[in-house]
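We name chains A, B, ... by the order of the sequence lines, and we start the count at 1 in each one.
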Number of protein chains: 2
Amino acid sequence: MGGELPREEHDGHGTYDKYAHEPFAVTVDLAVLTLRGGTLHVLLVERGQEPYAGRWALPGGFLLPDESAEDAARRELAEETGLADVSGLRLEQLRTYSEPGRDPRMRVVSVAFTALLPDAPEAHGGGDAAQARWVPYDEARELAFDHDRILADARTRIGDRLENTCAATAFCPPEFTLGELQQVYEAVWGTPLDRPNFRRKVLAAPGFVAPVPGGARLTGGRGKPAALYRAGPAATLHPPLLRPQREGRTT
Amino acid sequence: MGGELPREEHDGHGTYDKYAHEPFAVTVDLAVLTLRGGTLHVLLVERGQEPYAGRWALPGGFLLPDESAEDAARRELAEETGLADVSGLRLEQLRTYSEPGRDPRMRVVSVAFTALLPDAPEAHGGGDAAQARWVPYDEARELAFDHDRILADARTRIGDRLENTCAATAFCPPEFTLGELQQVYEAVWGTPLDRPNFRRKVLAAPGFVAPVPGGARLTGGRGKPAALYRAGPAATLHPPLLRPQREGRTT
DNA sequence: CCTTTTATAGTCGACCTGACTATTAAAAGG
DNA sequence: CCTTTTAATAGTCAGGTCGACTATAAAAGG
């Protein structure tokens, strides 16, 4: 922005006037992911109107005049999930999608976000009439607009973030076992991991997880009770937790 | 986007009408980086108009009605640098900035991009009247709008990309020495690296660089002539080339 | 009690890393 | 022409990390 302004002045239009008749609608789209029963799920809403009536889509909506995209995303997330604690949630900007024609009605530029939730509240009809549902990632296909692509980008991004950041704990409840944390990695990456090695690396990364004081353990499960951990203070992972067998891809 | 549509219909406004009177201007901003004499430089333009008249800013401009943000960024890059080969350039979306009030005149949502260039053509007055200049990164302060932050975000992002991708070769001419490649890392990270170790890691990463056929070497320099390399086919770096002495930061 | 299940501890060789030394091949300067 | 300087490249070595694997502990189910 900014660099163009002289040209606007030269052609005799006020800045606002020139672009007011070619407005862009700005929206946010949310890829809200969670883990249910060991598999990745995404929050989808069913569209009631054309275009794409009856199709599933990522939740989202228009920016209000006085809010940032982050604010709008948080507001929409609260509206669509019915969650109360949205304020403490980690929202990350994914990418902006601006191809002309991605919405058949008008020019829409959309800022996409990702959000990670611990296993989420079952019922959410969304504040807006639209029906909302958790759908297994693999069944979320043929979404409205370019949401297939956004969702795929979100998964790729999350997978990368798990390598270098402590984002995985966002999928877990406040207290969790290392087994649960490993399930996060396995679900997002789609690869089984060796348990002792995973444990060693997680505990070796300073600030990733911290044991719950008192040596609390999760009982009631099948085998030996697991120690409970909380998310640590670190945001980034050193050394990184790299996925196995990735060789140099040309893409 | 999309999820909100029912509400629009309910309140009796057509979609387009409702938002036409609250339009958002959409722009692109470019953080174009290059290496000159071993230090990082950024392309800036001088503003001629208020607000921020006389201040330096990142190049950029408004989206035209029928182009994507990527198209607009590429067009602006060509206009402002006068480069001919913009088609082969790697443009990467950085982030979108949408805080209300970031432009005092109107509501502007800006999609920021990064671009990396080999040591660039000296003269570029930009297609638009504005003056354009390469400025050392450390001297690019107090830019217009929120461009200080965008530039800082860009440097952080590029630094991270150097660890995991082959992006560093984008700073180099088609044929380069490992010494030049090391200078890229040192300039972006702001850390000196051990030459033999750097060399070992770069050559160990499959597809990062490929020797120029015929064993061509760069003569005319000070010491022993260096072998020439080209960018290899890989896009990602395995194993990654991590910066030294980073400990778990809480931020 | 014995099997199953899951968590946790430990082992081992291959490989990678950082720090460092040594050698080579050019240019620069008398 | 020979010495010095500079930079590229080769090689070394101890410590750390990795993946693969084995062993033990502690619960539930029959």
**Complete:** Whichever of R222(A) and P240(A) has the more 5' nearest nucleotide on DNA chain D, that residue is P240(A)
Quick test: give all pairs of protein nitrogen or oxygen and nucleotides 8-11 of chain C nitrogen or oxygen below 3.5 Å, distance rounded to 0.1 Å.
from	atom 1	to	atom 2	distance (Å)
dT8(C)	OP1	A227(A)	N	2.8
dT8(C)	OP2	R199(A)	NH1	2.7
dT8(C)	O5'	R199(A)	NH1	3.4
dT8(C)	O5'	R199(A)	NH2	3.0
dA9(C)	OP2	R199(A)	NE	3.4
dA9(C)	OP2	R199(A)	NH2	3.4

**Request:** Would you sort out whether L33(B) and V42(B) count as a side chain to side chain contact (heavy atoms under 4.5 Å, CB included), showing the intermediate values?
**Result:** CA-CA 5 Å; L33(B) 300 174; V42(B) 58; 3.7 Å; yes
Whole-Å distance separating the [atom1] atom of [X] from the [atom2] atom of [N]:
{"X": "Q182(A)", "N": "dG19(D)", "atom1": "CD", "atom2": "C1'", "value": "14 Å"}
{"X": "F198(B)", "N": "dT17(C)", "atom1": "CZ", "atom2": "C1'", "value": "15 Å"}
{"X": "H238(A)", "N": "dT17(C)", "atom1": "NE2", "atom2": "C1'", "value": "17 Å"}
{"X": "L237(B)", "N": "dT17(C)", "atom1": "CG", "atom2": "P", "value": "11 Å"}
{"X": "E186(A)", "N": "dT6(C)", "atom1": "CD", "atom2": "C1'", "value": "13 Å"}
{"X": "L193(B)", "N": "dT9(D)", "atom1": "CG", "atom2": "P", "value": "16 Å"}
{"X": "K201(A)", "N": "dG16(D)", "atom1": "NZ", "atom2": "P", "value": "18 Å"}

**Strand partner of dG30(D), provided both Watson-Crick or wobble distances fall under 3.5 Å** = dC1(C)
**Pair partner, dA9(C) [Watson-Crick or wobble, under 3.5 Å]** = dT22(D)
**Fill in**
The complete set of side-chain hydrogen bond (donor to acceptor under 3.5 Å, both in side chains) pairs with one or both residues in residues 196-211 of chain B, sequence neighbours excluded, reads D194(B)-N197(B), N197(B)-R200(B)
**Request:** Could you tell me which residues satisfy ring-ring contact (aromatic ring centres under 6.0 Å, His included) with W56(A), sequence neighbours excluded, listed by chain and number?
**Result:** none
**Heavy-atom pair with the smallest gap, counting every atom of E76(B) and G60(B)** = OE1-O, 3.4 Å
**Side chain proximity check, R161(B) to R157(B), heavy atoms < 4.5 angstrom** = yes
**Carboxylate-amine/guanidinium contact D153(B) R149(B), below 4.0 Å** = yes
